[in-house]
Protein chains: 2
Amino acid sequence: MTSTDRVPGSVSEHGPGATAVRPTRQRRAVAAALEAFDDFRSAQEIHALLRDRGESVGLSTVYRTLQTLADADEIDSLRTETGESIYRRCSGTHHHHLVCRSCGATVEVEGPTVERWTSAIAGEHGYTDVSHTLELFGTCRACAGR
Amino acid sequence: MTSTDRVPGSVSEHGPGATAVRPTRQRRAVAAALEAFDDFRSAQEIHALLRDRGESVGLSTVYRTLQTLADADEIDSLRTETGESIYRRCSGTHHHHLVCRSCGATVEVEGPTVERWTSAIAGEHGYTDVSHTLELFGTCRACAGR
DNA sequence: AAGGTAGGTGAGAATCGTTGTCAAATTGGC
DNA sequence: GCCAATTTGACAACGATTCTCACCTACCTT
Ligand SMILES: [Mn+2]
Ligand SMILES: [Mn+2]
Ligand SMILES: [Zn+2]
Ligand SMILES: [Zn+2]
């Protein structure tokens, strides 16, 4: 699982005009931090973790890196109720999340049913180029037992 | 549609301990502003509208009122991509939104299919007390035609 | 290997939506 | 009217995120 040394965001294009994305120490560190977590974390939390680990990375850089990764769909991001952006490594396929409100435990869920429903609804109303956001929040088994 | 004069947030309880929610000019103004719009608006936009109308209401009050209304499920609220909270009057039943990214035109959609799916998924994973967020974004017919 | 350059970094300042403060104003019940 | 509880709003404070910009660094070109 942690086999590839591929640097997040790296684009192996050739010739002139290729957008270079450099595998810097900072980008590797952020990517590694994401691997260390199983649940969603904020940019600030990741920044703090790296600082503690002694691999300090500037806060601006952490923000930039996370956004770049999210834009490239290499990590998932969502917003907490308080409007804070949180990030998590994710599988490559389209999916949604079932998150424990109490401990943050996250389960990736797929929903062909929902995917079909969303396109159908959008079509009925004449909307095109449709995207959707769907997140489930609840209390996981562990947290339910006090 | 604009028949009732019921003040948003009003709770008609009796006896000692009843939490009074007063129908002030400010609260009426915010409620009226929401009726004037058909799509989602931010607290600041509503504040500006009221100011222009000459029914100026303090920004803090606008924020407070909108949040109170949203907490009471009397209006819908969601977050833009930039993290800003926007509000809209809504029907009383549980529903979701299909919003035009371009002009903001909003359609309320219901989805027994989705509701069923979410509880099923949550149950399968042992999550209880589940809630969900689901929003659809697309381009409406009008905006699609240039 | 040296140099050139586009891309990357980070400390600190700036944004900006939102929340907190608190004295003054308003409301509803008596 | 009178009063206690509630509400208001100008203004300060917050806090997450973004911007600035001088300094680095990876990497391509001689
Ligand atoms: Mn989906
Ligand atoms: Mn639903
Ligand atoms: Zn949990
Ligand atoms: Zn539109």
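So that the names make sense, note that chain A is the first sequence line, chain B the second, and so on, each numbered from 1.
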Subject >> Among C:dT18, D:dT18, C:dG10, the nucleotide that comes nearest once only the side chain of A:T61 is considered >> reply: C:dG10

Original post:
Cut-off 3.5 Å, side chains only: do B:E110 and B:T93 have a donor facing an acceptor?
Top reply: no

Original post:
Rounded to the nearest Å, what distance is computed from the CD atom of residue A:E84 to the P atom of nucleotide C:dG17?
Top reply: 18 Å

Pairs under 3.5 angstrom, nitrogen or oxygen only, protein versus nucleotides 27-30 of chain C, please.
| from | atom 1 | to | atom 2 | distance (Å) |
| --- | --- | --- | --- | --- |
| C:dT27 | O2 | B:R22 | NH1 | 3.2 |
| C:dT27 | O2 | B:R22 | NH2 | 3.1 |

Original post:
Is a donor on one side and an acceptor on the other found under 3.5 Å between the side chain of A:R41 and the backbone of A:E45?
Top reply: no

Original post:
Is a side-chain N or O of B:T106 found less than 3.5 angstrom from the main chain of B:G104, in a donor-acceptor match?
Top reply: yes

**OP:** Show your working on side chain to side chain donor-acceptor pair (under 3.5 Å) between A:E115 and A:H94 and close with a plain yes or no.
**Re:** CA-CA 10 Å; A:E115 305 304 324; A:H94 175 77; 3.1 Å; yes

**OP:** Note down the inter-axis angle between the two ends of the helix from C:dA1-D:dT30 to C:dC30-D:dG1, five pairs each, to the nearest 10°.
**Re:** 30°

**OP:** Starting from P on D:dG15, measure out to CZ on A:R79 and report it in whole angstrom.
**Re:** 18 Å

Subject >> Near-ring test A:H96/A:H132, centroid separation under 6.0 angstrom >> reply: yes

Subject >> Whole-Å gap separating C1' (D:dA16) and OH (A:Y87) >> reply: 10 Å

Original post:
Once you round it to whole Å, what is the distance between C1' of D:dG15 and CD of A:E81?
Top reply: 18 Å

**OP:** Give a yes/no on whether any side-chain N or O of B:Q26 is located under 4.0 angstrom from OP1 or OP2 of D:dT7.
**Re:** no

Original post:
Taking B:T139 for the side chain and B:C143 for the main chain, is one N or O donor matched with an acceptor at less than 3.5 Å?
Top reply: no

Subject >> Residues in side chain to side chain donor-acceptor pair (under 3.5 Å) contact with B:S85, at least two apart in sequence or another chain >> reply: none

Original post:
Any side-chain N or O of B:Q67 less than 4.0 Å from the OP1 or OP2 oxygen of C:dT18?
Top reply: no

Original post:
Would you say the side-chain atoms of B:R101 pair up with the backbone N or O of A:D129, donor to acceptor, closer than 3.5 Å?
Top reply: yes

Subject >> Partner set under side-chain contact (heavy atoms from CB on, under 4.5 Å) for A:D38, not counting sequence neighbours >> reply: A:R88, A:R89

**OP:** Report the distance from atom CD1 of A:I86 to atom P of D:dT17, rounded to the nearest whole Å.
**Re:** 10 Å

**OP:** Can you tell me which residue pairs pass the ring-ring contact (aromatic ring centres under 6.0 Å, His included) test with a partner in residues 25-53 of chain A, sequence neighbours excluded?
**Re:** A:F40-A:H97

Original post:
When all nucleic acid strands are considered with a 4.0 Å heavy-atom cut-off, which category describes A:S85: base, sugar-phosphate, or nothing?
Top reply: sugar-phosphate

Original post:
Is the side chain of A:R27 donor-acceptor paired with the backbone N or O of A:T65 at a distance under 3.5 Å, no angle test?
Top reply: no

Original post:
In whole Å, what is the span from the OH atom of A:Y63 to the C1' atom of C:dT15?
Top reply: 13 Å

**OP:** Provide, to the nearest angstrom, the distance between the CG atom belonging to B:L66 and the P atom belonging to D:dT7.
**Re:** 15 Å

Original post:
For B:R64, does its backbone N or O pair with a side-chain atom of B:Q67 as donor and acceptor, under 3.5 Å?
Top reply: no

Original post:
Could one point to a donor on the side chain of A:R64 or the base of C:dG10 with an acceptor on the other under 3.5 Å away?
Top reply: yes

Original post:
Where along residues 41-60 of chain B does a heavy atom fall under 4.0 Å from DNA chain C?
Top reply: B:Q44, B:S60

